[in-house]
Amino acid sequence: MREEIFKVTANDVLTDNVFRLRLEGCTEGIRPGQFVNIAVDGSFLRRPVSVCDVSENELTLIIKTVGKGTGWLSNLLPGDYLDILTGLGNGYDVTSSGDKPLLIGGGVGTPPLYLLAKRLIEEGKSVRVLLGFNCADEVFYEGEFEELGCEVTVTTVDGSYGEKGYPTMYLPEDYSYYYTCGPLPLLKAVYDTASSEGEFSFEERMGCGFGACMGCTKKTKKGYKRVCKDGPVFRKEELIWED
Amino acid sequence: MGRLSVSLCGIELDNPVIPASGTFGYGCEFAELYDINCLGTFSFKGTTREARYGNPTPRIAECTEGMLNSVGLQNPGVDAVINDELPRLKKCFSKPVMANVSGFSVEDYAYTCAKLDGEEQVGWLEVNVSCPNVHGGGMSFGTNPAAAAEVTRAVKAVTTKPVIIKLSPNVTDIVEIAKACEDAGADGISLINTLLGMRIDLKTKKPVLANRMGGFSGPAVFPVALRMVYQVACAVKIPVVGMGGVSSAEDVIEMMLAGATAVEIGAKNLVDPFASRDIISALPETMNKYGIENLRDIIGGAIDG
């Protein structure tokens, strides 16, 4: 974990309530599937946001406006500064992917899969991506995944764009491993339907984001784990689903 | 003795700053970030006789200038703390640590404290008496003077280490409870634990916390905490450890003027992991600004007579 100051270089609208921040600052050590925790004016707690992309001096975050804190972030302008804790959480295990990994994202669970896809493509893997949204207006990043060289399928619940239904209805025949991030019903559907081993990225309300407060504990087969420090990525065999 | 040093129940602290229980784990997360030997000490995560999972999630809610938590004393149990956490701590912290203990019966408290009494690195026992007494039908030890005194006596009987009783602010008269603990042999009083609070999500129209209610902490509670520290410090002769919303060197000084011998930092550690270190660094300059030579000279300075 590091505490760094980032400068906003761009704030782009992706959909009605999803925006993308490009931030300039130190991105040392940030891995796919990790998250950052952003100090937000007018809020006591920081806001945890998954990492969409990093390059040498640029951090990219995609955020959905859901409340006051994310609302404040959505109004940032180029030149504004942010205090961010970086390098939080375990991240995805890129070494488990096999040759034909499948990435399954739902809604704003899609962004962390982007940096993962980039790393897997760099390692010469053949990456398939399934992205699920509610409707055409909510779709984002299909083109960006394609530009990386992924084979992309988009689904919408109402069929207004791509395939109609849910990502799990369009699982390919053949994949070596999967990585997923999205709303709980999607994660559960992936757990129930996908045939290979895989990894799941979870969301939880957090206090600190670095393992100190026990605010975001999750029960697993390997005991009680902190989503922020031991997760947010958990392997399939660790998971326990409770209603 | 340095300008910042104070003595807490006979043990010298390099400075009065103590990260509060529940906001600092067992120290190792913070030791990865900076040398935690700069701290006066810290109070480790509330430890019980058996391992506890705690409450269902969500356990955290945002508030104006503060937060709610309903963690529910998640901890690995006293044996794991002694076997795993304390040996790990020894490698990164060379000072006496404050052991925070909770229980659900008088026997629980005595059992856990007796075990920790055997640990060399434990300097003080901070006994949290604001948990539900399952034996007494949901009544809290910390909301009843006689029950708080009973826990104090039971713990004092099994340890030679200083015993600091941590009090709940969710009571009508905290002074009465503090005095009962002092009469029962407590070596110090720490306060305040969190204030019981609640938030409701307007979208779901349900409580944000799975446990419905939780403990409110953060800068918003500072004036309430300060008032209670002042009231207790006026009424007891034993040292008082002040906490509740402390977020700056100025807050530390204010707490000490109200009667605190040492000051715990809680919620602030969670949003700024370097907060306790930075508050210690800022103390000398802040003392200069207000004409304070030595911190130990200002304890209770705002109390009349």
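The basis for the numbers below is simple: all heavy atoms, side chains too, and nothing from hydrogens, waters or symmetry mates. Because the structure is predicted, anything quoted here is derived from the model rather than measured. Proteins come first, then strands; the chains are lettered A, B, ... in the order of their sequence lines, and each starts at number 1.
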*asked:* Please classify the contact between B:A61 and chain A as side chain, backbone, both or neither, with a heavy-atom cut-off of under 4.5 Å.
replied: backbone

_Tell me whether the count of non-hydrogen atoms from other residues, nucleotides or ligands lying under 6.0 Å of CD in A:E237 goes above 12._
yes

List the atom pairs, donor and acceptor, that lie under 3.5 Å between side-chain atoms in residues 211-225 of chain B and the rest of the protein, sequence neighbours left out.
none

*Do other residues, nucleotides or ligands put more than 12 heavy atoms under 6.0 Å from A:I240 CD1?*
yes

*Let me know if B:N269 has heavy atoms under 4.5 Å from chain A in its side chain, its backbone, both or neither.*
backbone

_Could you go through B:Q74 and A:R226, starting from their C-alpha distance and side-chain angles, then the distance that decides it, and tell me whether this counts as side-chain contact (heavy atoms from CB on, under 4.5 Å)?_
CA-CA 11 Å; B:Q74 181 182 349; A:R226 296 163 294 183; 5.8 Å; no

*Is there a donor-acceptor contact under 3.5 Å from the side chain of A:E204 to the main chain of B:T57?*
no

_To the closest 0.5 Å, what do you measure between CG (B:L270) and CZ (A:R46)?_
11.0 Å

_Heavy atoms of other groups near B:F93 CZ, more than 12 under 6.0 Å_ = yes

*Between A:R205 (side chain) and B:P58 (backbone), is there a donor-acceptor pair under 3.5 Å?*
no

*At a heavy-atom separation under 4.5 Å, does B:C28 approach chain A through its side chain, its backbone, both, or neither?*
neither

_Part of B:Y26 lying under 4.5 Å from any heavy atom of chain A_ = neither

*Where do B:M67 and A:L45 come nearest, in terms of heavy atoms and distance?*
SD-CD2, 3.8 Å

*Of the backbone (N, CA, C, O) and the side chain (C-beta and beyond), which part of B:P273 lies under 4.5 Å from a heavy atom of chain A, both, or neither?*
both

_B:T64 side chain reached by A:F44 side chain, heavy atoms, under 4.5 Å_ = no

_For A:C213 against B:I60, the heavy-atom pair lying closest together_ = SG-CD1, 4.3 Å

_side-chain contact (heavy atoms from CB on, under 4.5 Å) between A:E3 and B:D272, intermediate numbers included_ = CA-CA 9 Å; A:E3 185 178 21; B:D272 176 3; 4.3 Å; yes

*Should we say atom NZ of A:K64 is surrounded by more than 12 heavy atoms from elsewhere, each under 6.0 Å from it?*
no

*Does the side chain of A:T217 pick up a donor-acceptor pair with the side chain of B:R59 at under 3.5 Å?*
yes

_Atom CD of B:E29 with >12 non-hydrogen neighbours under 6.0 angstrom_ = yes

*Do other residues, nucleotides or ligands put more than 12 heavy atoms under 6.0 Å from the NZ atom of A:K221?*
yes

*asked:* Does the plane of the ring in A:Y224 sit parallel, tilted or perpendicular to the ring in B:Y53? Use 30° and 60° as the thresholds.
replied: parallel

*For B:E32 and A:M1, what are the C-alpha separation, side-chain angles and deciding distance, and is it a side-chain contact (heavy atoms from CB on, under 4.5 Å)?*
CA-CA 9 Å; B:E32 288 171 21; A:M1 176 172 87; over 6 Å; no

